[in-house]
**Student:** 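Quick one: the structure is below, questions incoming.
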Amino acid sequence: MSPSPTNSDSDTPATRVFDGRVLALAGGVGAARLLRGLVRAVDPAKLDVVVNTGDDRAFYGAFVSPDLDIVTYTLASAVDLTRGFGLAGDTYRLMDELEALGHETWFRLGDRDFAHCLHRKLRMDEGVGLAALADELRRAQGLACHILPMTEDPAPTQVRLDDGRDLHFEEYLVRERSPANVEGVDLSAARAAKPGPGVLDAIANAEIVIVCPSNPIVSIGPILAVPGIREAIVGRGIPIVAISPIIGGAPVKGPADHLLRAAGCEVSALGVATLYRDWVDGFVFDEVDGAELASIEALGLRAVATRTLMKDLDIATALAATAVELALGLR
Ligand code: GDP
Ligand code: CA
C-alpha cells in the first residue's frame, strides 16, 4: 500500500471549521466513517485519535488490532469498503489453505492484512510497542492525524452470555455472530491497564473532545475504563460532544442493541445520551429521532439533531463539522 496523495488527510479543504487541537475517542467502523469527515473539518495534524484496543487478539501467530487498523486503513482510503475492515482488493489464499489443512478459520484475515498483523507481532516480539507501531503505520499511509492505542497492556473485552459462557469479544462478534443473549460485558482487563503512550498528553493538550458514533459499551466503554483516561478528560473541563451510533432505535451495524440492553440502557439516541450524561456536554443525533430532542436536553446536554447516516464523505464532513461547532459553542 502506498499513501494516496489525492486522499491525504492533510489537504486544507474549504470545509475546515476549527484550527485548534481536537481529541477523538474511537472504535472501528462507526468511528472511521466519522473520522474521514473530521480530518476535513479540523486540522488533521492537530487531531489525536484514541482508539479502543479491547478487541485485540492473537490469531494464527499474528497480532490483530481491529479498531486501530480500521481507523488507519479507512483514513488512508485503503480499507475494503464493502466489509468496512480489511484491505481493499486483498486475497484470502492463506486462510483458504489453512482451512484446507483443517484449521479453524472463523476469523478471516486477508493475505496482505495478515502480513501487516504478523509484522506487528514480530516487531512486538522485538520489544516495539503497539503505539510506536500504530504511529509507523499511519505515517507510512501518509496520515497527519495521530492514532493512539488506548493502552499497550492486554485489555481484552469479554462478553458473558446467559448460558454461562465467557467469550473474547471477537469470539462473540465473529465466531458466534453476536447473539442477543448477552448477560454482561467484562472490562476488568481495561480497568487494570495503563493509558497508552501519548494518551494523557493528547488529553492535556486538547481544546475539544469528539466521541465518535462508536459502540458505547465495547468501543467507548473500554477507553473510559482505563484508569486515568476518563478522569483526565473530564478534569480538563473542555467541551465533550458525542455522536449517537443509534439511529431510529437501532444500530446502523453491529451488536450495540444487544450490548446496550444488557447494560440496562434503552436502544435509542436518548438511551445513549442517558448513558453518557455524566461526562458528556453535547450530543449530536439523527434527525429521524428529532422527537427525542427535549428529553435529551432535559438530561442537561446541549443537543443537535441532524443527518448522521454517513453514506458519503460529504455527510461525514458535515456531521463532523456540526459536532465540532456544537463543542465550540460550549466553550
Ligand atoms: P466497530 O468497532 O467496527 O464495531 O466500530 P464502532 O464501535 O466504531 O462502531 C460501531 C457503531 O457504529 C455501531 O453501533 C453503528 O450503529 C455505528 N455506525 C456505523 N455507521 C454509522 C453511521 O453512518 N452513522 C452513525 N450515526 N453511526 C454509525
Ligand atoms: Ca471494534
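Just so it is clear, the model here is predicted, and its values are computed rather than measured. Start at 1 and go down the list; that is how both ligands and their atoms are numbered.
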**Student:** State if Asp67 counts as touching ligand 1 under the rule of any non-hydrogen atom under 4.0 Å.
**Tutor:** yes

**Student:** If we only look closer than 3.0 Å, how many protein N, O or S atoms does the Ca ion (ligand 2) have near it?
**Tutor:** 3

**Student:** Suppose we measure from atom 7 (O) of ligand 1 to each protein heavy atom; which comes out shortest, and what is that distance?
**Tutor:** Ser219 OG, 2.6 Å

**Student:** List in chain and number order the residues that pass side-chain contact (heavy atoms from CB on, under 4.5 Å) with Ala316, two or more places apart in sequence or in another chain; answer none if no residue qualifies.
**Tutor:** Met310

**Student:** Taking Asp48 first and then Arg21, would you say they form a salt bridge - that is, a charged N and a carboxylate O separated by under 4.0 Å?
**Tutor:** yes

**Student:** With hydrophobic residues grouped by side-chain heavy-atom distances under 4.5 Å, do Leu109 and Tyr92 end up in a single group?
**Tutor:** yes

**Student:** Counting only heavy atoms closer than 4.0 Å, does ligand 1 sit against the backbone of Ile246, its side chain, both, or neither?
**Tutor:** neither

**Student:** Counting non-hydrogen protein atoms only, what is the nearest one to atom 28 (C) of ligand 1? Give residue, atom name and distance.
**Tutor:** Val252 CG2, 3.5 Å

**Student:** If you measure from the Lys or Arg side-chain nitrogens to the Asp or Glu carboxylate oxygens, is any gap between Glu136 and Arg139 under 4.0 Å?
**Tutor:** no

**Student:** Could you pull out, from Ala256, Pro213, Gly28, the option with a heavy atom nearest to atom 11 (C) of ligand 1?
**Tutor:** Pro213

**Student:** Say whether Ile70, considering both its backbone and side-chain N or O atoms, lies within less than 3.5 Å of an N or O atom on ligand 1.
**Tutor:** no

**Student:** Show the atoms of ligand 1 that are less than 4.0 angstrom away from any heavy atom in Val29.
**Tutor:** 1 (P), 3 (O), 5 (O), 6 (P), 8 (O)

**Student:** Any non-hydrogen atom of Ser244 lying under 4.0 Å from ligand 1?
**Tutor:** yes

**Student:** Less than 4.0 Å between a side-chain N and a carboxylate O, is that true for Arg93 and Asp111?
**Tutor:** no

**Student:** Give the atoms of ligand 1, by number and element, whose distance to some non-hydrogen atom of Asn215 is under 4.0 Å.
**Tutor:** 6 (P), 7 (O), 9 (O), 10 (C), 11 (C)

**Student:** Please give me the minimum heavy-atom distance between Ile217 and Ala263, naming the atom from each residue.
**Tutor:** CD1-CB, 3.8 Å

**Student:** Taking non-hydrogen atoms only, is Lys253 closer than 4.0 angstrom to ligand 1 via side chain, backbone, both or neither?
**Tutor:** backbone

**Student:** Decide whether an N or O pair under 3.5 Å exists between Gly30 and ligand 1.
**Tutor:** yes

**Student:** Of the protein's non-hydrogen atoms, which lies at the shortest distance from atom 20 (N) of ligand 1, and what is that distance?
**Tutor:** Arg33 NH1, 2.7 Å

**Student:** Below a 4.0 angstrom heavy-atom separation, can you tell me which part of Asn52, side chain or backbone, both or neither, approaches ligand 1?
**Tutor:** neither

**Student:** Which of these passes side-chain contact (heavy atoms from CB on, under 4.5 Å) with Ile208: Asp281, Val324, Val241, Val42?
**Tutor:** Val324

**Student:** According to a hydrophobic-cluster definition based on side-chain heavy atoms being under 4.5 Å apart (Ile, Leu, Val, Met, Phe, Trp, Tyr only), do Val50 and Leu75 belong together?
**Tutor:** no

**Student:** Using a 4.0 Å cutoff against the non-hydrogen atoms of Gly27, which atoms of ligand 1 qualify?
**Tutor:** 8 (O)

**Student:** Which heavy atom of Asn52 sits nearest to which heavy atom of Ser219, and what is that distance?
**Tutor:** CB-O, 3.4 Å

**Student:** With clusters defined by side-chain heavy atoms of hydrophobic residues (ILVMFWY) lying less than 4.5 Å apart, directly or transitively, does Ile296 cluster with Val284?
**Tutor:** no

**Student:** Quick one: do Leu293 and Val280 end up in the same hydrophobic cluster if we chain Ile, Leu, Val, Met, Phe, Trp and Tyr together by side-chain heavy atoms under 4.5 Å apart?
**Tutor:** yes

**Student:** Run the salt-bridge test on Glu171 and Arg57 with the 4.0 Å N-O cut-off and return the result as yes or no.
**Tutor:** yes

**Student:** To which protein heavy atom is atom 23 (O) of ligand 1 closest, and what is the distance rounded to 0.1 Å?
**Tutor:** Met310 N, 2.8 Å

**Student:** Would you say Val17 and Ile243 are hydrophobically clustered, going by side-chain heavy atoms of ILVMFWY under 4.5 Å?
**Tutor:** yes

**Student:** Taking Arg191 first and then Asp186, would you say they form a salt bridge - that is, a charged N and a carboxylate O separated by under 4.0 Å?
**Tutor:** no

**Student:** What is the ring orientation for Tyr276 with Trp279, classed by angle as parallel under 30°, tilted 30 to 60°, or perpendicular over 60°?
**Tutor:** perpendicular

**Student:** Could you identify the single nearest non-hydrogen protein atom to atom 8 (O) of ligand 1 and state the distance to 0.1 Å?
**Tutor:** Ser214 OG, 2.6 Å

**Student:** Could you tell me whether some N/O pair between Ala31 and ligand 1 is separated by less than 3.5 angstrom?
**Tutor:** yes

**Student:** Please report whether ligand 1 has a polar contact with Leu309, defined as an N or O pair separated by less than 3.5 Å (distance criterion only).
**Tutor:** no

**Student:** My question is simple, although I want it checked carefully: is atom 4 (O) of ligand 1 less than 4.0 angstrom from any protein heavy atom?
**Tutor:** no

**Student:** Hey, which atoms in ligand 1 end up nearer than 4.0 Å to a heavy atom of Thr308?
**Tutor:** 22 (C), 23 (O), 24 (N), 25 (C), 26 (N)

**Student:** Once the angle between the rings of Tyr60 and Phe114 is folded into 0 to 90°, is it parallel (under 30°), tilted (30 to 60°) or perpendicular (over 60°)?
**Tutor:** tilted

